[in-house]
Amino acid sequence: MRRTVEVAADRGALMEAGAAAFVAAARAAIGAHGRFIAALSGGSTPRALFELLATERLASSIDWSRMHVCFGDERAVPPDAEASNYRMAREALLNHVPLPAAQVHRIRGEDPPQVAAEAYERTLRTLFATPAGPPGACFDLVLLGMGDNGHTASLFPGLQAVREAERWVVAESVAEVGMWRITLTPVVLNGAADVLFLVSGADKASMLHRVLDGPVRPDTYPAQIVAPHHGRLRWLVDTDAAAELEER
Ligand code: 6PG
């Protein structure tokens, strides 16, 4: 696994770097195999990145007709709920670009969580033409964030999902946030060609140091479980988030 850590001067520069990486990954995948399949992260950090991708300057540099959008995780809420990752992506990006609706694959957070997880695994298996077993070629790009407790997607400390070895998508009740979450597992995340973490802000500095510089303990720091088998792993962070990182 090739891992790099790139530090941007500030949050604005971080979003520009993230958008440039997204556009480059899209163009490379479409050039190489005619389509681009990306998994979007949720939470608050990517909203500004999505809004940047929706600007004429950047939206005009992607062939959206050849793109498929998936989600790394979802909260067990309806698609119009304030907490919905799909709603955030729709408002910040999907409503503003010519991406065919049939190529937006959202997690049905309104359904019973186990049902939503199983259905989403079927959706991904169809998309990747892998009816059974581990993923072969899968996501061209997976966007991820990191919580100040070291979680990523909805892989939270101490949850079984962190160690899942078979299923591509699982649902778990997360006491820490008081709700059910549906999340992609390491099985499919680590099959990606390119994983891009976007981390911003001083409140993430201590955890980022532990995740990148500390001992590998994924049950405590789930973001550490993300290690693409054949792909690239990039951490794009801003100066505030990088404040405690060891010299590289
Ligand atoms: C979610 C995300 C989650 C997020 C981190 C960071 O559904 O909440 O997928 O993994 O990336 O919690 O969230 P912030 O960007 O809001 O700090």
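None of these values were measured; they are calculated from a predicted model. Every number for a ligand or one of its atoms is a count from 1 in the order of the listing.
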Would you say Ala153 and ligand 1 have an N/O pair spaced under 3.5 Å apart? yes
Tell me, please: is Gly72 in heavy-atom contact with ligand 1, that is, under 4.0 Å? no
Using a strict 4.0 Å cut-off to heavy atoms of Gly145, name the atoms of ligand 1 that fall inside it. 11 (O)
Residue Asp73 vicinity, atoms of ligand 1 by number, heavy atom under 4.0 Å: 1 (C), 2 (C), 7 (O), 9 (O)
Return the residue, atom name and 0.1 Å-rounded distance of the protein heavy atom closest to atom 4 (C) of ligand 1. Gly42 O, 4.0 Å
Using modelled atom types only, decide if a donor and an acceptor are shared between the side chain of His209 and the backbone of Ala241 within a distance under 3.5 Å. no
Taking only heavy atoms of Asn85 into account, list the atoms of ligand 1 that are under 4.0 Å away from them. 1 (C), 7 (O)
So if I count the atoms of ligand 1 from 1 in the order they appear, which ones are less than 4.0 Å from some heavy atom of Lys204? 14 (P), 17 (O)
No-hydrogen, no-angle side-chain donor-acceptor test under 3.5 Å, Arg210 and Ser206: yes
Got more than 12 heavy atoms from elsewhere within 6.0 Å of CZ, Arg66? no
Would you mind checking which non-hydrogen protein atom is closest to atom 6 (C) of ligand 1, with the distance to 0.1 Å? Met146 O, 3.6 Å
Looking only at protein heavy atoms, which one is nearest to atom 13 (O) of ligand 1, and what is the separation? Gly43 CA, 4.0 Å
Basic-acidic side-chain contact under 4.0 Å: Glu110, Arg87: no
Distance from atom 16 (O) of ligand 1 to nearest protein heavy atom, with residue and atom: Ser44 OG, 2.6 Å
Kindly work out whether a path of hydrophobic side-chain contacts (I/L/V/M/F/W/Y, heavy atoms less than 4.5 Å apart) joins Met146 to Val177. no
Could you tell me whether the side chain of Thr185 and the main chain of Arg167 form a donor-acceptor pair under 3.5 Å? yes
Using the side chain to side chain contact (heavy atoms under 4.5 Å, CB included) definition, which of the options Met15, Met88, Glu91 pairs with Phe50? Met88
Tell me, which protein residue and heavy-atom name are nearest atom 1 (C) of ligand 1, and how many Å apart are they? Arg75 NH2, 3.3 Å
Sidechain-backbone polar pair: Asn149 side chain, Pro157 backbone, donor-acceptor under 3.5 Å: no
Tell me which protein heavy atom sits closest to atom 5 (C) of ligand 1, plus the residue, atom name and distance to 0.1 Å. His151 NE2, 3.5 Å
Quick test: of every protein heavy atom, which one is nearest to atom 15 (O) of ligand 1, and how far off is it to 0.1 Å? Thr45 OG1, 2.6 Å
Contact summary for Leu198 and Gly18, nearest pair of heavy atoms: CD1-CA, 4.2 Å
